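Below you'll find the structure, written out as structure tokens, and then a few comments.
Since the structure is predicted, the reported quantities are computational estimates derived from the model, not experimental observations. Computed from heavy atoms alone, side chains included, the values below leave out hydrogens, waters and symmetry copies.
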Amino acid sequence: MDNKKQAAARRKLAKGFFETAKISHESTEYEIRNALSRCYYSFFHLSHSVLGKYYNHKETSQRITAIDSRFGAFVMFLCRLRVDADYNPNIVTKEYNGDVAAYRLRGRQLLSEAEVEFGRMLSHRRRKTDLRRPT
């Protein structure tokens, strides 16, 4: 299990990645891809903070789903988007008919959803920590 320093470092990394996951009205395809990848990794590290231990991608998704199915499903969804963003050179052509503006819009919508889930899971993490504190 992670010690307090390690858990805090994971939360800091998660927050840092999340803060850099931005898509503006002018973002290029590559900036969108980068933002989606950073968004996934923010959730990946936040999941480790909640779990209290580092796991690989697949096991992280499974274990976080066991704790919170909604959050787990969102992490798995983000993982698929991250794989497409990082490795699928034709994602915009195939999924958005070559329309970067449509990809940008979907990315911005996703980041709005992610903001809600990120905050919800941070609250979950705080409640979990509060439950472990002696009274």
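One hydrophobic cluster, built from ILVMFWY side chains closer than 4.5 Å, holds both Leu36 and Val100. No chain of hydrophobic side-chain contacts below 4.5 Å, direct or via other Ile, Leu, Val, Met, Phe, Trp or Tyr residues, connects Val50 to Met76.
Here Leu81 contributes atom CG and Asn88 contributes atom CG; the two are 11.0 Å apart, rounded to the nearest 0.5 Å. Tyr41 OH to Asp86 CG: the interatomic distance, rounded to the nearest 0.5 Å, is 6.5 Å. Atom OG of residue Ser42 and atom CG of residue Leu78 lie 7.5 Å apart, to the nearest 0.5 angstrom. Interatomic distance, CZ of Arg120 versus CD of Glu117, reported as 4.5 Å (0.5 Å rounding). Considering NZ of Lys22 and CG of Leu111, their distance stands at 7.5 Å, rounded to 0.5 Å. Atoms CZ and CD, on Arg38 and Glu31 in that order, are 14.0 Å from each other to the nearest 0.5 Å.
Inter-residue side-chain proximity for Ile64 and Met121 is flagged as met; some heavy-atom pair is nearer than 4.5 Å. In this structure, Glu113 and Phe74 have side chains that are in contact, with non-hydrogen atoms separated by less than 4.5 Å. The shortest side-chain heavy-atom distance between Gln109 and Leu105 falls under the 4.5 Å cut-off. In this structure, the side chains of Cys39 and Phe18 come closer than 4.5 Å at one or more pairs of heavy atoms.
Contact between Ala35 and Ile23 at its shortest, heavy atoms only, is CB-CG1, 3.5 Å. Nearest heavy-atom pair, Arg104 versus Glu26, reported as atom, atom and distance to 0.1 Å: NE-C, 4.1 Å. Between Arg33 and Asp84, the shortest heavy-atom distance links the atoms NH1-O, 3.4 Å. In plain terms, the two heavy atoms of Val75 and Ser61 that are nearest each other are CG1-OG, 3.9 Å. Nearest heavy atom pair, residue Arg10 against residue Tyr54, reads NH2-CB, 3.3 Å.
In this structure Asp99 satisfies the salt bridge (Lys or Arg N to Asp or Glu O under 4.0 Å) test with no other residue, sequence neighbours excluded.
Looking only at distances, a side-chain donor or acceptor of Asn56 sits under 3.5 Å from a matching main-chain atom of Glu59.
Around the CD atom of Glu115, the shell of radius 6.0 Å holds no more than 12 heavy atoms that belong to other residues, nucleotides or ligands.
Just one of Phe44, Phe77, Phe118, Phe43 meets the ring-ring contact (aromatic ring centres under 6.0 Å, His included) condition when paired with Phe71; it is Phe43. The only option from Ser24, Ser37, Ser27 that meets the side-chain contact (heavy atoms from CB on, under 4.5 Å) definition with Ile32 turns out to be Ser27. Residue Tyr40 forms a side chain to side chain donor-acceptor pair (under 3.5 Å) with just one option from Arg82, His45, His57, and that option is His57.
Hydrophobic clustering, defined by side-chain heavy atoms of Ile, Leu, Val, Met, Phe, Trp and Tyr closer than 4.5 Å, groups Tyr87 together with Val83.
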